[in-house]
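Contents: one structure, followed by commentary.
Keep in mind that this is a model prediction, so the values were computed, not measured. Here is how names work: the chains are called A, B, and so on, in the same order as the sequence lines, proteins then strands, and each is numbered from 1.
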Amino acid sequence: MSTEPALLTDAAVPAPRPTNLFAGLARDWAVLFGAAVILVMIVIGVGAPFLGTVDPTEINPTFRNRVPGTEQTIRRADGTTATYRHWMGTDSLGRDVYSRVLYGARISLVVGAAAAAISIAIGLVIGLVAGYLRWLDGIVMRFMDGLMAIPAILLALAVVSLFRAGIVSVIIAIVVPEIPRVVRLVRAIVLSVREEPYVEAAIMTGTPTPLLLIRHVLPNTVAPLIVQGTFVCASAILLEAILSFLGVGIPPDTPTWGNIMAEGRGLFRVYPHNIFFPGLCLALTVLAVNMLGDGLRDRLDPKLAKRM
Amino acid sequence: MAGYILRRIVATIPVMLIVAVLVFLMLRLTPGDPAAVIAGDNANAEQIAAIRTRLGLDQPIVVQFFIWFGQILHGDFGESFFFKKSVAELIVSRLEPTLALSLSTILIAVLVAVPLGVLAAYKQGTVIDKIVMGFSVLGFSVPVFVIGYSLIYLFAIKLNWLPVQGYQRIADGVGGFLARLILPSLTLSVIYIALIARMTRTSVLDVMGEDYIRTARAKGQVERKVLFNHALRNAAVPIVTIIGFGVALLIGGVVVTESVFTIPGLGRLTVDAVLARDFPTIQAVILLFSFVYVLINLVVDLAYRVFDPRIRY
Amino acid sequence: MRKFAILLAAVAALAASMLGARAETTLRAVMHSDLKIVDPVWTTAYISRNHGYMIYDTLFAMDAQGEIKPQMVDKYEVSADKLLYTFTLRDGLLWHDGTPVTAEDCIASIKRWAARDTLGQKVLSFVEAMTPQGPNSFTIRLKEPTGLLIFALGKPSSNVPFMMPKRVAATDPNTQISDFTGSGPFVFKQDEWKPGDKAVYVKFDKYKPRAEAPSGLAGGKVAKVDRVEWVAMTDQQQIVNALLAGEIDYVEAPSHDLLPLLTEDPDIHLVDYNPLGNQYAFRPNSLQKPFDNPKVRQALFYAFNQKDFLDAVIGNPNYYKVCKAMFVCGTPLASDTGMDGLLESNFTKAKALLKEAGYDGTPIVLLQSTDLQILTNLAPVAKQLMEKAGFNVDMQSMDWQTVVARRVKKDPASAGGWHGMLTSWVSADILNPVMSSFVNASCDKANFGWPCDAEMERLRDAFARAPDLAAQKQVADAVQTREREVVTHIWLGQWYQPIAARKSVTGVLTAPVPVFWNVEKKGS
């Protein structure tokens, strides 16, 4: 589920850094909306234990499939009782969906952020090296072409079948198909920067290659990679949900939005709340990340922005 | 020209070779033992060992690769561990639903997305443009299965207009075939519409800035005529390109959509095979999809070079 | 591109070839799982057993009262010393290829079945010789008397002794058969079988049913529909939707949580076809630390309670029964002997046992199957109850096929093995200590989990030799008492699965197995 902008940014050409970046961003309502939603989701994820939740893995066989708003009297360890309201109902094991959705935000955000960071880091290194060392370029790029020819979801399915299902294997499964796209982007930038007069001058004065890469090439990759990163993040969150939905993702007792939906899938007609709430959170988060990405691209990458 | 076409075709060979190596390696390095799966409930260690020998799983990995690759070149994808049938036969029997679903999705997507994209470009900066682009972002953000379930709930359960699931072969009646194809195709086309609408808008905007459009406008041609005679025709090339790129997206969606709508196509075969660690089937399906993807992009690329008046050799 | 064109042509040809094969009445059914293995002797999978009842016939069969009645056998005689059995087959029995069924076919089939089946192995150890006496008669001579021979030949559930032609029965028992010629009321359409999509059966016109009315698995097997299609569907909600919409006619195992949707529709009825129901079971791996210590296994017996499991999976108390009898409530061998204090979630007692056993907190690798709705929720309940008792649990989730592959591994749990798993038995499979394969405590030769107890094996032998029901009951009670010490497995309650069908479908028989003879479909 790689999204389209990944393909389009291949042609990206580095741009001078805009000076009024944040002022410009703040005026863009789409970016504001995106950032606000992401912030809310981070607060929800981090603050999940303090937002009136219970243990998201605690099962209760006698209190299954309750509709949103049902109250339950729970007995605490010290013998006192309290009334707990299941704002989003319970699932087929009697677990509190509200708690699971809140804790699920953690996994989605971690998967999204980690996938973005890792694929960019790896892609950046490979791309810089491939762009600079001509003899390596051919091999690396053919390899990347091969990797890109495998549809992302199939590659991810194959990767999760390699390892025991878990958050790490799911992140790897998402990262692997994203790497070639980052590599292509970075390489394109390197190739165009090489032609710049000041870089040619630096080469002639005998600046060592690593220094050259760090001083002249790296800064030019920052903006397009931030944009690329947001799109990787969005597709990673979606892909995690899809893998869980197909039953090959993170273990089902771990609360993730995909898992909650996979669990509720069989009963969606009678108890749609199991799909509705996590689905809403998921769509909202991905939408926010995408909008933020679009906005960032408009500001950071004027050439592309004009095209889009 | 012929030289270019030849070079381009030859260039796909190493790509496919690398795909083959990757696919092979990935699945042979799995910790799960396929021999144990095949042997079944009551098998003992010797039976498992015998199966391992029969399948060549005890050979060195390099030998396994060449045996496997040689067989594939002869069109022999081996026998499915899980389904106990030849993989080629399995794939052929699953081809029609996936093909029908993909083609109808592309058809719907193009019919809806191109006019939307042109409209958005034509009304650039207006509310209509913003709405179209907003829906396009939304299309990327909602998981396919959520769209699928929503459509089923609305059109199949509440309104009772269409079947909830299943697939009917076209030979068993065109009516039933189409009725069962509508909901899955709609579901799958959402993300594709988002992609194509966006690309169409960009391409049309690009072309509208070109000199000949300005000339046409200056000559006093009607705006709509300019749009369709010049802008869309020239924007068609990048739009076709994106349809080619989007095939990867489509394949991903097929896997999920077939699972939601119980369509016996290649997507469901893939998921079943992954769950069962059915290596020959996984390998063949990934190879096939990758081959189709490379092939479509080759055709698109060649078409681009042949038909785009702006590219000269 | 050419290759592609060839593929397309093949698809078109395939589709066109199906046009001619339209039958008059087609019953479209969704079974509990997809048919992937078509050798019901090679596997114990229930879907393969159901397939077996479609296309094969049996020598004897269990009727609705639980009695074993002749089926392919016309009549049989037992000598006064109970050592010589003489069987005569009915006239006019034919294989699907038109050739007659012979005594030699039957003997070969019994041999192949006995090589795979737990009960079959036990019974065959009593057999001295099986000899054909002409084309449709044969004898079985025993070394010593056993009450189990006829019962075994009429065994209702996995593995069922299905009769196959001699050329098929000659297949090595450890290899799956590839010729699906049977003599049952339906013929398997091998050319239309697409695993993951559907399996197709058509009526066998030359089948000669018994004259008696059908009862359970016995009596006349009359096919009343021309064609049965088993459609593969996995999404529970979609299955129910399809039934409500009339796209399918029959659902073997609708999810209990969705039954309210079905009962409120006037066109749907539920059929309780299997009154004995099913039993859930937890199987510890007696080879692995800490479960190699009986005290730790006993702690499970104290920690668990049946209601939590049943509530979590079935939910509706109309469809489950808390039952401490190992050999199934409602049957002759049911008893509460030796069960006091067990299965009551007495965590104090469980903790004490763990302490006594010196349990060091080793993580218990618990296998969870996630793709069979009827099993999915069991493992999380087991995990929670075990944790309350002081166990450290590592629940690993996977699909059922992987569980099946993994549970036969004897490796340590940390190296791809396992400690515990949960499954369900059809009650008809576990009615006594010889049939019930989890009770088999013959160490290495036992089923996965490999319990090892000489006393248990002695009791199972005694059961095979028990002359009458009273004696059998006494031994069965002793087995249940012994379980308290040995804990080969823990039974977690009985549950019942109704079939859901359109009202146009009638004649579903009461039997331990969903069978399709006698089933009618009106208005089509």
**Message:** Just verifying a value: how many Å separate C:Ser397 OG and A:Asn259 CG, rounded to the nearest 0.5 Å?
**Reply:** 8.5 Å

**Over 12 non-hydrogen atoms of neighbours within 6.0 angstrom of NZ in C:Lys410** = yes

**Asked** Side chain, backbone, both or neither: which part of C:Leu385 has a non-hydrogen atom closer than 4.5 Å to chain A?
**Response** neither

**Message:** Taking side chain as everything from C-beta outward and backbone as N, CA, C, O, which of these in C:Gln373 sits under 4.5 Å from a heavy atom of chain A? Side chain, backbone, both or neither.
**Reply:** neither

Taking distance alone, no hydrogens or angles, what donor-acceptor pairs closer than 3.5 Å link side-chain atoms of residues 151-160 of chain A to residues at least two apart or in another chain?
none

**Request:** Specify the closest pair of heavy atoms between C:Leu261 and A:Val270, including all atoms of both residues, with the distance to one decimal.
**Result:** CG-CG1, 3.8 Å

**Asked** Going from CD on C:Glu387 to OG1 on A:Thr57, what distance comes out if it is rounded to the nearest 0.5 angstrom?
**Response** 8.0 Å

**A:Phe143 atom CZ, over 12 foreign heavy atoms within 6.0 Å** = no

**Request:** Side chain from CB out, backbone as N, CA, C, O: work out which of these in C:Val313 comes under 4.5 Å of a heavy atom of chain A, or both, or neither.
**Result:** backbone

**Prompt:** Should C:Lys383 and A:Asp253 count as side-chain neighbours, where that means a heavy-atom distance under 4.5 Å?
**Reply:** yes

**Prompt:** Between C:Val381, C:Asn241, C:Asp257, which shows the greatest number of heavy-atom pairs under 4.5 Å with chain A?
**Reply:** C:Asp257

**Residue pair C:Thr370 / A:Pro252: nearest heavy atoms and the distance that separates them** = CG2-CG, 3.6 Å

**Message:** Check C:Asp311 with A:Arg64, please: is the shortest side-chain N to carboxylate O separation under 4.0 Å?
**Reply:** no

**Prompt:** Passes side-chain contact (heavy atoms from CB on, under 4.5 Å), A:Ile59 versus C:Asp308? Steps please.
**Reply:** CA-CA 10 Å; A:Ile59 63 176; C:Asp308 274 4; over 6 Å; no

**Complete:** Heaviest contributor of heavy-atom pairs below 4.5 Å to chain A, chosen from C:Val240, C:Leu258, C:Thr234, is C:Leu258

**Asked** Which heavy-atom pair separates A:Arg265 from C:Asp235 by the least distance, and what is that distance?
**Response** NE-OD2, 2.8 Å

**Prompt:** Counting only heavy atoms not in C:Lys503, do more than 12 sit closer than 6.0 Å to its NZ atom?
**Reply:** yes

**Request:** Check whether any side-chain N or O of C:Gln236 sits under 3.5 Å from a backbone N or O of A:Leu267 as a donor-acceptor pair, and report yes or no.
**Result:** no

**Asked** Do C:Asn377 and A:Ser92 come close enough that some side-chain heavy atom pair is under 4.5 Å?
**Response** yes

